[in-house]
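Heavy-atom basis, side chains included; hydrogens, waters and symmetry copies ignored. Bear in mind that the values here come from a model prediction, so they are computed numbers and not experimental data.
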Amino acid sequence: MRIYLRLVLPVVLGSYLGSVQSAGETPQPAPPVADSRVAVLTADQVVQILDQTVDWYRTLGTQQQSASEPSDLLILYANRQTADKVVALAFEIATANAELLSSEAGAAQTAGGVASSAQALTDQQKKLDAQRQALQAEMSSTKAGLAAAAKGGKADLAAKLSELQGELDMANARKNLLDTMGQFVNESDAKRASASALKAHIDAIAASVPAANVGGTAAPSGGAAAPAASSAAPVPVSAGGTVSDRLGIWDLAANALRLSRKVSTLEAIDRRTAALEATFLQIRTRPLEQLKALSARSDALEAQADSANGPTLKVVRDEFDTLAWLFKQTSAILIPLSKEGVLLEQYRHNLSSWRDASKRQYHDALRALAVRLGTLAALLAILFAGAEVWRRVVLRFAHEPRRRYQLLLLRKITLWTLVVVIVGLTFVTELSSFATFAGLITAGVAVAMQSVLVSIVGYFFLIGKYGIRVGDQVQIGTVTGEVIDLGLVRMHLMELNSQGPLGPTGRVVAFANSIVFQASGGLFKQIPGVNFAWHETTVSLPAGCDYAAVKDKLLAAVSHVIKDYHEEIVRQTREIARTTASSSAGSALPQVQLHFSPGGVEALVRYPVQLQHAAEIDERVSRELLNVTANFTADATRKLGPIA
């Protein structure tokens, strides 16, 4: 197709230009252009500036996410209005520069000699359009005459109509050829195509930013920034005070961190605004220089016009028109650039006020956090100091190990309970939410740790007035042992041999403290300060003896055995009566009771023993009882004679 146009285009243009010149029309020289490169920016620079401006404009979404105070919203509204104007002016500058690029392409095309061909094509297209309209009008009148003519004149009118149709077809063919060649000429012009592509690119970018109204007025605010609405709810401020008056340490720290990020964000936006302002300031230099050059050229033309004749005046007039158009287009770039500087300066002033206010809020938040942390540290210091005083008082005035242990344990529980409560109340935001949370946690812990909690409660029963302590000998069920450890949840016993001499078996038995709430088994222990027990044994008496005398002998024998331990046993008996405030403690004397059975008479002997000497006392009592019964058996045999 291009080869065909290259071959046909010179022939057609030559014929048309020859016909024009033959008609006596002399082509006028093109008016001089004030500057061969009138555009301020290239197409790539225009697109880069628009991208930078649009990217800066989208920081409004970040600002809206940071706005959490009423004053922030006011500044955000002012910045949005200013940003809309800045974007609109940026697109206005880009559009004006695109027009200059387009005119530059036309001027370069004229200077290169291609404009004569393009202009000739345009002139021929206009002539062909006029010729086609004339032919169509003539054909319409011929058709009307043909309908009203007599039979004899219809043949001539039909022939004329056919000839006009042929001329119209030829004109249409020539018109199609010229249209194709004109399209090829325009497409082969790189500068014109670049200018057209730039305009299309500007329109595409403007469509993505609703605030870019190149007509000179800003779009309604919020059009572009609305999709970037903050998803984070602003921190509520109570009617009676500031945020720090009712928030806990956790929220105060989060608020300080949020304000720190807010200040950093505003500083980053200010830096981007300063960079955009520097860019617009930099590109203001060339339009100022170009306006000066255009003004100087205008002054020179004015001096030239004073001494020019008629043909020269026409050339000067054409150049004045070109200078006026260039001055207008360059001013259309310079004025928005000046406005951009003023608007961006105001924008930075708003950001500076916002940043200063945020810094003050940040410092206030840090002070409030420091005060709250200081208060917490002071309370904890007072609490631990009081706990230390409590410990020293207990160590000084509580001499009994068991009572001292109980008081120190109570001190530890009270201390850490108060620490948890104070720290919890300091960190929470609202007391009601803390109470709800604590209630749910308590219910969950009570269900999940029911056995542990029962054991902990049982611990306080075990250390009561008649409770146990380390070193006590106790009996739980069938296990007898010495307490070697009493914990908050369980106790440990060193098992003792209950069938023979009372000594350790080498095994350690663990019981949960909840044993005190169990009906079966039971827990047996000695009263504090008491270390004796009652043992009993049964002796069969020989038949025919003096049972009263036997009883007296048995009682005397047992009394003789325990007389070495009698004083200690009496003292412990009195301790039982004093501790229990009971008169049923009884005496510490041995007892002998006779029982009649089908097999004869039996004597039930009961006697007290010290636990640490129980095996020794039992052995001595058994030996004495055997001696007494043996003597009475021998006497009975002598009296009754040998049994056959």
What are the two closest non-hydrogen atoms of [X] and [Y], and how far apart are they?
X      : Y      : value
Ala94  : Val46  : CB-CG1, 3.5 Å
Leu323 : Leu294 : CD2-CD2, 3.5 Å
Ala78  : Asn350 : CB-ND2, 4.0 Å
Asn255 : Ala365 : ND2-CB, 4.0 Å

Nearest 0.5 Å, what's the [atom1]-[atom2] distance between [X] and [Y]?
X      : Y      : atom1 : atom2 : result
Lys127 : Gln131 : NZ    : CD    : 10.5 Å
Arg355 : Glu267 : CZ    : CD    : 6.0 Å
Leu276 : Thr53  : CG    : OG1   : 4.5 Å
Asp169 : Arg132 : CG    : CZ    : 10.5 Å
Thr59  : Ile269 : OG1   : CD1   : 4.5 Å
Leu50  : Tyr57  : CG    : OH    : 14.5 Å

Could you give the side-chain donor-acceptor pairs of residues 332-344 under 3.5 Å, partners two or more places apart or in another chain?
unit_1: Ser338; atom_1: OG; unit_2: Leu334; atom_2: O; d: 3.2
unit_1: Glu340; atom_1: OE2; unit_2: Ala90; atom_2: N; d: 3.0

Going by the rule salt bridge (charged side-chain N to carboxylate O under 4.0 Å, His left out), which residues pair with [X] if we only count those two or more places apart in sequence or in a different chain?
X      : answer
Lys328 : none
Arg272 : Asp55
Glu167 : none

Is there a side-chain contact between [X] and [Y], using heavy atoms and a 4.5 Å cut-off?
X      : Y      : result
Trp354 : Asn79  : yes
Glu69  : Leu73  : no
Phe327 : Ser331 : yes
Phe91  : Val87  : yes

Main-chain N/O of [Y] paired with [X] side-chain donor or acceptor, under 3.5 Å:
X      : Y      : answer
Thr375 : Val371 : yes
Ser162 : Ala158 : no
Ser260 : Ala256 : no
Ser352 : Arg348 : no

Report summary line: Applied to residues 136-145, the salt bridge (charged side-chain N to carboxylate O under 4.0 Å, His left out) test, sequence neighbours excluded, yields Glu138-Lys160

Query - Result of checking Lys262, Gln63, Gln64, Gln361 against Asp72 for side chain to side chain donor-acceptor pair (under 3.5 Å) - result: Lys262

**Report entry** Glu163, CD atom: more than 12 neighbouring heavy atoms under 6.0 Å
**Finding:** yes

Query - Polar side chain donor-acceptor pair, Asp129 to Gln133, under 3.5 angstrom - result: no

**Report entry** With Tyr347 via ring pair (Phe, Tyr, Trp, His ring centres under 6.0 Å) - residues at least two apart
**Finding:** Trp56

